[in-house]
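Every chain is numbered from 1 and lettered A, B, ... according to where its sequence line falls, protein lines coming before strand lines.
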Amino acid sequence: MAARFHRPDPRRTVVLGIAGGLTAVFLSAIGMVEEFIKRSLVDPEVVLGYVTIALVPFVFAYVVARPPPVREGIAPVRPGPLTLAAGAVAGLLTASVVSLFVVITTEVNVRGVLQNVSPPLLETLTFHRGVGQGVVWLLVGGTLIGAGGAAVHLIPARYRRPVVLAVVWVLIFGLLQVLIAQIFRGLKVGDTVNPFLYKGSRGLTIHGAITVWIAAFLIALSLEGQREAMRRRLAEATPAVRRNYMLVGLAVALLILAVTPQILGNFLSEVLDLAGIFLLMALGLNIVVGYAGLLDLGYVAFFAVGAYTGAVLTSPSSPEWNPAFTFWAAIPFIMVAAALAGIIVGTPVLRMRGDYLAIVTLGFGEIARILFLSDALKPYFGGAQGIIRVPNISIGPVEFVTSQDFFYIIYALAIVLIYVSWALQHSRVGRAWMAMREDETVAEVMGVNIVAAKLQAFIIGAILASLGGALFAHKIGSIFPHSFNIVVSITVLMCVIVGGMGSIPGVILGAIVLVGAPELLREFSEFKFLLYGALLIFMMQMKPEGLIPSRQRAQELHQDEAAQDAWLRREALGDTEPEPAK
Amino acid sequence: MSDYGAALRRRGLELFSFTGGFLWAVRIAAVVVVIWGAVGSLTEGRLTFDQWKNLVVFGLAQGSVYALIALGYTMVYGVLRFINFAHGEVFMSGAMIGFFAARELNQHGLWSDRPVLGILIVLLVCMTTSTTVALIVERVAYRPLRQRPRLILLITAIGASFVLQYAFRGLFGAGVKSYPSIEALQGSWRILGFNVIKTQGVVILIAFGMMALLYTFVERTRTGRAMRAVAEDQETAELMGINVDRTIVTVFAVGGAMAGVAGLLWGLVFQQVFFFTGFLPGIKAFASAVLGGIGNIPGAMLGGLVLGQTESLGPSLVLSGLGVPSAHQLKDVIAFLVLVLVLVFRPTGLLGERVAEERA
């Protein structure tokens with residue numbers, strides 16, 4: 001079949017080009033570009049601010065120029081000169097919108113309304129060359145970057161992914177300089193590697209960047225196509241072999257965990273501690289949302305119950321009643337309190353449909369925060385002053401003080417809870433949850449006790465969150481009602497959804513990346529929730545099953561497509577299929 | 001007869017089953033608590049009769065704001081059957097941009113010299129902003145997901161809500177913005193023995209006017225009829241020649257416009273707006289929509305008014321009577337409890353739901 005050249009849709013090119021421009025203007029106006037400009041990724045020229053704004057025309061042009069997927073029976077189209085032209089036009093349009101913004105805001109002072117549109121931002125956007133020359137630079141740059149984004153499609157398919165991935169890795173090495181340099185230092189090779197890769201605290205050196213790119217490119221190239229083969233080999237392996245793989249994997253993971261805090265040092269352990277606490281919660285929410293399919297938006301309530309129960313029982317200065325237990329003695333009480341909270345929240349919502357349940361649990365989350373904050377319960381929980389002097393955790397004479405010490409407690413508990421989640425998933429109640437998630441009515445007819453299954457999900461989820469909360473209280477040493485707002489619930493939900501609902505590896509990835517990364521990248525902290533929200537929308541549109549999907553959940557979410565495929569197959573095979581015996 | 005007997009037995013069993021018994025206990029406890037509290041605070045006489053009446057008027061003003069927001073929730077739910085979680089932020093966007101318009105007018109003296117014209121201009125600004133935001137959210141976030149499971153739409157809506165909140169924070173700053181006050185609206189009127197603060201009176205007036213307008217629009221115009229048809233049965237409506245896509249866009253636009261009106265009224269009553277303003281009123285408005293019966297437009301109006309009164313009277317009437325200190329702090333708890341109780345005991349709301357039966 002003769003391949004035709006791809007002709008991008010002109011209307012779509014114009015629309016997306018302008019949309020790209022509006023996106024770039026938006027990123028500038030919320031202060032992101034100006035905030036990121038201080039951060040150098042590769043010394044001396046590549047700074048995060050310009051990378052961010054350049055990514056916009058690049059990505060939009062890439063999307064504009066993307067040829068349609070190759071389909072059976074339709075002549076494939078291949079990218080050609082028009083692809084580049086469309087990308088360039090989209091980039092030019094994007095740059096034009098930004099230029100228009102620059103010209104307008106130089107003439108009219110809008111700072112009274114848009115507080116981030118400051119003279120420094122305008123200077124940044126015009127490359128410190130004045131409006132006239134700056135706009136020319138903008139337009140030329142936008143066109144070139146747009147053409148570049150489209151040119152990605154011209155790279156032969158075999159090299160496309162490795163080339164792009166390698167660039168991403170260079171950016172990651174630049175962004176996570178603190179982490180990567182510390183890892184090298186922890187591995188005792190920092191003195192030789194770091195000066196080569198990094199220039200002070202100002203990002204990668206040029207030869208460092210090139211080295212990273214080449215290394216990443218070669219690794220990605222050699223791995224290309226291997227992934228399928230590996231997955232197939234794993235799938236074909238006998239249970240005994242697979243078991244061995246798993247044991248080896250587990251041993252490696254434990255070894256890495258054991259040395260991590262020593263390598264990473266105090267600050268990075270602190271970051272991982274926080275991520276670990278969110279991981280505990282995410283594992284719990286994964287049971288409620290991922291397994292049982294109950295969208296709980298007030299999950300922070302259980303976290304708060306755990307934290308407050310733990311604090312009241314262990315702190316010598318808790319207001320009304322202070323038995324000053326040790327952490328270990330308090331655990332059974334924390335779990336009982338959490339189970340009670342789970343029943344209180346779970347029972348009224350038993351008969352509710354999915355979306356109502358979400359809002360009502362959200363309501364419960366707010367109720368918990370308001371109650372802990374209120375004067376009415378101040379004698380017991382300290383109101384806005386919270387509870388202070390929550391002691392450190394100790395085992396016998398050993399007291400866990402530093403964040404490196406805490407790392408072991410948190411992740412030991414995480415391993416236990418991961419095992420619990422895994423065991424539950426394959427247990428009778430786990431199967432009941434999944435049946436319920438797919439179709440409640442059918443599950444009930446098949447003999448699943450819906451009431452019991454839902455309550456079990458809420459109770460177990462609550463207990464997991466409460467343990468996270470108790471550790472949080474001991475980690476921070478004091479708790480205040482303001483720590484328990486809706487944002488926590490949403491963050492945990494993000495970890496579960498982005499990682500993959502019902503998928504334990506996904507949840508682990510989600511918690512480490514989504515909670516850890518913003519702590520490392522201080523520049524991002526102000527835009528954290530904006531990015532979370534955007535990521536949530538993006539994931540739901542592109543990959544609702546998450547980054548590391550649980551196979552079953554992915555199937556459910558793509559049921560329609562699967563049904564369609566099956567139908568197509570049947571149509572195609574219709575003639576060759578043997579007649580059913582009469 | 002036997003059916004009736006079976007139903008009775010089921011009811012009886014329900015009482016003794018775990019959840020049934022628990023729910024009955026909650027039901028009885030709720031009634032007892034409310035009566036006890038009310039009797040307690042009325043016999044104590046902490047508030048004078050006039051103060052109670054002021055609370056009623058304030059509740060009416062607050063409730064009419066909730067009602068306007070609730071309309072957006074209920075209409076979208078009626079058509080698409082999902083909770084547009086970002087609707088609270090649509091309301092906030094109107095209130096926020098309205099603030100800038102009001103500030104500008106105030107600087108030129110128009111806000112105090114010609115308040116009617118000023119309010120009208122700001123009202124238009126608010127409505128335009130909220131409508132635009134609602135349409136953008138619909139186009140970017142919801143439309144690509146129209147046929148997906150509703151849980152996915154809800155999660156998307158949560159994402160959209162966060163994006164809007166923090167986008168407004170980034171664009172306009174995190175600080176609290178104070179609406180300039182209107183001199184002509186200082187003081188109060190005396191109506192039917194009620195002492196009505198002028199601002200609240202105007203708010204109630206505008207809100208009821210808008211609701212009447214909307215009701216006429218939905219009941220009397222072709223577009224309104226198309227909206228009702230799509231809510232009833234999308235497929236059939238499409239077969240009858242209704243442009244479903246355009247109708248859904250209209251629903252978002254009208255809902256957004258009402259939220260914009262609510263944004264201005266919020267600015268007039270509470271005078272303060274910041275990026276998080278949309279969250280609580282949004283949830284409360286959703287509670288109102290559920291209270292009135294989701295999908296039911298008069299229901300949303302009624303639900304908003306009832307919730308407004310509950311929130312205004314509840315703390316002083318019930319909680320103070322029970323001896324709870326600083327009861328007003330628990331105002332939001334009451335709103336959430338109302339939502340929970342309604343969903344548990346009368347999920348179809350006061351006036352009944354008007355949504356199409358779920359299709360398999």
Side-chain angles (χ1 to χ4, degrees), chain A residues 19 26 29-32 112-117 293 295 297 343 347-360 362-364 366-367 370-371 373-376 378 451 455 486-487 490 493-494 497 526-541 544 556-557 560, chain B residues 17-19 22-23 26 77 81-83 85 97 100 103 140-141 144-145 147-156 158-167 169-173 279-280 283 286-287 290 294 319 324-327 329-333 335-337 339-341 343-344 347 358:
Chain A
F26 173 73
I30 59 170
M32 199 185 250
V113 180
L114 298 171
Q115 59 163 22
N116 282 313
V117 183
L295 186 59
L297 294 182
I343 293 175
T347 315
V349 302
L350 280 173
R351 296 268 160 223
M352 265 174 218
R353 51 193 190 220
D355 38 8
Y356 279 12
L357 185 141
I359 300 289
V360 169
L362 179 77
F364 274 121
E366 280 297 293
I367 288 178
I370 296 169
L371 285 183
L373 182 61
S374 68
D375 286 348
K378 193 171 178 177
V451 170
L455 278 182
I486 166 84
V487 161
I490 300 291
L493 186 70
M494 286 286 305
I497 287 173
E526 193 176 327
F527 308 104
K528 188 163 95 173
F529 294 109
L530 182 73
L531 295 174
Y532 276 3
L535 189 59
L536 214 48
I537 299 177
F538 179 80
M539 289 296 294
M540 285 301 109
Q541 301 201 342
E556 283 166 33
L557 285 168
D560 293 350
Chain B
S17 76
F18 169 67
T19 38
F22 181 82
L23 292 183
V26 172
Y77 200 99
R81 298 190 53 81
F82 91 102
I83 302 169
F85 200 80
I97 303 294
F100 289 110
R103 194 183 62 177
V140 175
L145 298 172
Q147 302 305 326
R148 292 287 188 78
R150 275 183 293 149
L151 212 57
I152 287 195
L153 267 170
L154 179 62
I155 294 172
T156 310
I158 295 169
S161 154
F162 260 62
V163 168
L164 286 177
Q165 270 177 24
Y166 286 88
R169 178 171 182 248
L171 290 173
F172 306 112
F279 179 69
L280 277 181
I283 304 225
F286 174 73
V290 173
I294 199 102
L319 294 182
V324 178
S326 3
Q329 286 179 335
L330 301 178
K331 189 178 90 160
D332 298 333
V333 172
F336 288 125
L337 278 180
L339 174 65
V340 173
L341 291 177
L343 280 177
V344 172
E358 204 165 345

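The contact between L154(B) and chain A is made entirely by side chain atoms (from C-beta outward), counting heavy-atom distances below 4.5 Å. Interface remark: I283(B) contributes side-chain atoms only to the contact with chain A (heavy atom separation under 4.5 Å). If you measure heavy-atom distances from F286(B) to chain A, the contacts under 4.5 Å come from the side chain alone.
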Which donor-acceptor pairs under 3.5 Å do the side chains of residues 529-541 of chain A make with protein atoms, sequence neighbours left out?
residue, atom, partner, partner atom, Å
Y532(A), OH, L514(A), O, 2.4
Q541(A), NE2, V140(B), O, 3.0
Q541(A), NE2, A141(B), O, 3.0

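Annotation: maximal heavy-atom pairing with chain B below 4.5 Å, among V113(A), I367(A), L114(A), occurs at V113(A). Counting heavy-atom pairs under 4.5 Å between each of L373(A), V487(A), I486(A) and chain B puts I486(A) at the top. Top candidate by heavy-atom pairs under 4.5 Å with chain B, chosen from L295(A), V360(A), I359(A), N116(A), is I359(A).
Shown here for F364(A) and P348(A), the closest heavy-atom pair between the two residues is CZ-CG, 4.2 Å. For the residue pair I30(A) and F527(A), the shortest heavy atom distance occurs at O-CE2, 3.4 Å. Here the closest heavy-atom approach between residue L171(B) and residue A29(A) is recorded as CD2-CB, 3.5 Å.
Residues satisfying the side-chain hydrogen bond (donor to acceptor under 3.5 Å, both in side chains) criterion with S161(B), sequence neighbours excluded, are E89(B).
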